[in-house]
Amino acid sequence: MQQATVKTHRDFTILEIDPRLYGSFIEHLGRAIYTGIYEPGHPTADADGFRGDVLDLVRELNIPVIRYPGGNFVSGYNWEDGVGPRSERPRRLELAWNVTETNEIGTNEFAAWLKKAGAEMMMAVNLGTRGPEEARQFVEYCNHPGGTRLSDLRIAHGYPEPHNFKLWCLGNEMDGPWQIGHKTATEYARTALEAAKVMRWVDPSIELVVSGSSNIGMPTFGSWEAEVLDHTYDHVDYLSMHQYYGNPESDTANFLARTLDMDAFIRTLIATCDYVGGKRRSKKKIMLSFDEWNVWFHSHNAKHEPWSVAPPQLEDIYTLEDALLVGSMLITLLRHADRVKIACLAQLINVIAPIMTVPGGPAWRQTIYYPFMYTSNFGRGTALHVITDSPKYDSRDYTDVPWLDTIVVDNGPRAAADGRELTIFAVNRGEEPLLTHYELNGYDGLVIDEHIQLTGADLQASNSPEQPDHVRPTGGSGAAVDERGITVPMPARSWQVLRLRSGAASE
Ligand code: AHR
């Protein structure tokens with residue numbers, strides 16, 4: 001059997017993981033909102049029309065923050081359309097996705113849903129068809145306590161307490177020609193700067209995310225970020241990144257290597273932020289917000305009836321192979337826990353999503369649900385640097401792709417006991433099994449609490465409403481502790497989680 005080794009030490013800390021690394025995204029798109037989170041009349045719907053079965057699945061994912069309302073949608077959105085009495089809300093032609101938006105759900109209803117889901121709002125403002133003035137007014141409506149026209153309007157709408165949304169995105173993918181109100185870097189930077197100033201003058205406590213490139217393949221990638229940050233550096237906190245991967249060529253080896261590209265993307269943007277900061281001799285560091293990431297390609301040729309209300313759109317059905325890449329993308333984010341502070345799995349319900357619904361019927365979990373759920377729940381604490389020695393392969397676009405992609409997370413002291421808890425996440429990209437030894441220095445008396453894996457003979461297997469549990473994690477076997485760490489046999493093309501605890505001697 002092929003072998004790999006991993007070395008780490010309890011003191012090799014990258015940094016504490018920001019829980020917002022496990023954020024997600026819900027756009028007014030397809031069936032994400034309507035028949036996704038909201039379906040009055042559904043057997044599990046509550047008094048507000050929110051599906052209880054969906055809320056249960058969302059809560060299992062332990063998501064701290066959800067980006068809303070877009071995406072491309074936000075660049076044509078008037079926030080005023082979605083507040084106040086429902087009977088007075090306009091139906092609008094929605095140009096980003098070629099549908100009719102009824103505005104039954106808007107800011108206040110979504111904020112109420114977030115409370116039930118246990119998540120915070122990450123609100124995006126429209127810098128496509130609108131600008132700094134509307135963004136300023138929106139912050140006043142949402143966050144100002146009262147005594148002004150817009151804060152009193154919120155109170156009149158039935159929300160006496162300010163929402164106090166902390167995290168705000170300055171537009172969405174403004175470098176993309178598909179975007180409503182597409183801009184050059186200079187045009188966007190000037191607009192974002194002026195919006196940032198007045199939004200923060202209304203509420204100095206908010207944090208701001210400025211839009212980076214739509215993906216690493218954009219012709220202006222790199223220069224866009226440098227110019228945008230040149231203008232906005234002192235006024236924003238995070239630079240956004242978006243990236244989706246697909247496997248239309250059915251080339252598994254190449255697809256599973258895509259996280260090398262994701263890693264390079266993150267490193268390039270860290271360098272870009274620090275280059276701009278360095279030129280300004282600034283002490284401030286801009287952090288990254290990877291606020292759209294996922295696999296997306298299965299639904300690329302799907303069509304819908306133009307101007308229909310909430311048609312199925314972007315309903316990718318995910319395979320086991322996709323789940324392996326999602327597991328690897330999460331490991332990549334953890335490896336950069338020192339600079340990536342926010343990340344949003346795009347999206348959450350029905351639209352390129354881990355959770356699917358049948359109108360009037362059940363909600364079910366896609367394959368990608370599982371790596372996200374386990375990493376969100378057990379990838380908390382401090383990420384550790386690992387030194388790996390693994391067999392490698394070459395694929396169509398990559399050379400020297402390590403079979404093993406892995407990270408170790410120190411979850412901290414054990415509750416009501418001595419010692420610490422730690423979790424290993426790993427993907428074996430290789431076509432054959434891999435025996436991996438982890439040397440875990442600084443952790444004595446290790447015990448394995450749980451070994452979970454996702455693997456199978458058919459990498460194209462997926463779940464469906466009829467077979468919702470066809471692909472799901474099972475218990476791994478054969479992992480064994482020794483004096484220095486743990487040995488884990490990893491089946492070919494598998495995703496692994498090992499939950500360990502160390503004894504009192506480690507303290
Ligand atoms: O998540 C789907 C779309 O992908 C978003 O609306 C847009 O921001 C991105 O291009």
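What you see below is based on every heavy atom in this structure, not just the backbone, and it leaves out hydrogens, waters and symmetry mates. Start at 1 and go down the list; that is how both ligands and their atoms are numbered. Computed from a prediction, not measured in an experiment: that's the story for all the values here.
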Q | From CA spacing to verdict: side chain to side chain donor-acceptor pair (under 3.5 Å), Asn247, Thr252 | A | CA-CA 7 Å; Asn247 188 14; Thr252 301; 4.5 Å; no
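- Closest to atom 2 (C) of ligand 1 among all protein heavy atoms lies Gln347 NE2, 3.5 Å.
- For ligand 1, none of its N or O atoms has an N or O atom of His242 under 3.5 Å away.
- A ring-centre distance under 6.0 Å is found for Trp224 and Tyr188.
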Q | Criterion side chain to side chain contact (heavy atoms under 4.5 Å, CB included) on Asp46 and Trp113, from CA distance to verdict | A | CA-CA 11 Å; Asp46 63 15; Trp113 181 82; over 6 Å; no
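- Against a heavy-atom cut-off of under 4.0 Å, Phe25 is close to the following atoms of ligand 1: 1 (O).
- If you look at Ile352 next to ligand 1, the close heavy atoms, those under 4.0 Å, all belong to the side chain.
- Ring to ring, Trp293 and Tyr244 are not that close: their centroids are 6.0 angstrom or more apart.
- Taking any N or O of Asn172, backbone or side chain, at least one lies under 3.5 Å from an N or O belonging to ligand 1.
- At a threshold of 4.0 Å, the pair Arg20-Glu207 counts as salt-bridged, since one of the basic side-chain nitrogens sits closer than that to a carboxylate oxygen.
- At the top of the distance list for atom 1 (O) of ligand 1, counting protein heavy atoms only, stands Tyr244 OH, 2.8 Å.
- Contacts of Trp97 with ligand 1, taken as heavy-atom pairs under 4.0 Å, involve the side chain alone.
- In terms of protein heavy-atom proximity, atom 8 (O) of ligand 1 is closest to Glu292 OE2, 2.7 Å.
- With Phe110 as reference, Tyr68 is the one residue of Tyr159, Phe165, Tyr68 to meet the ring pair (Phe, Tyr, Trp, His ring centres under 6.0 Å) rule.
- For atom 6 (O) of ligand 1, the nearest protein heavy atom (residue, atom name, distance) is Glu27 OE1, 2.7 Å.
- Annotation: Trp178 places no N or O atom under 3.5 Å from an N or O atom of ligand 1; distance criterion only.
- Close contacts of ligand 1 with Gly71, meaning ligand atoms under 4.0 Å from a residue heavy atom, involve 5 (C), 6 (O), 8 (O).
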(Q) Between Leu21 and Ile342, does the side chain to side chain contact (heavy atoms under 4.5 Å, CB included) criterion hold? Intermediate values first, please. (A) CA-CA 5 Å; Leu21 207 63; Ile342 303 163; over 6 Å; no
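- Of all protein heavy atoms, the one closest to atom 10 (O) of ligand 1 is Glu173 OE1, 2.7 Å.
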**Q.** Evaluation steps, side chain to side chain contact (heavy atoms under 4.5 Å, CB included), between Ile66 and Phe25
**A.** CA-CA 5 Å; Ile66 299 183; Phe25 173 34; 5.6 Å; no
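- The ring of Trp168 has its center closer than 6.0 angstrom to the ring center of Phe138.
- Residue Phe73 places no heavy atom under 4.0 Å from ligand 1.
- Distance from atom 7 (C) of ligand 1 to its nearest protein heavy atom, with residue and atom name: Asn72 OD1, 3.3 Å.
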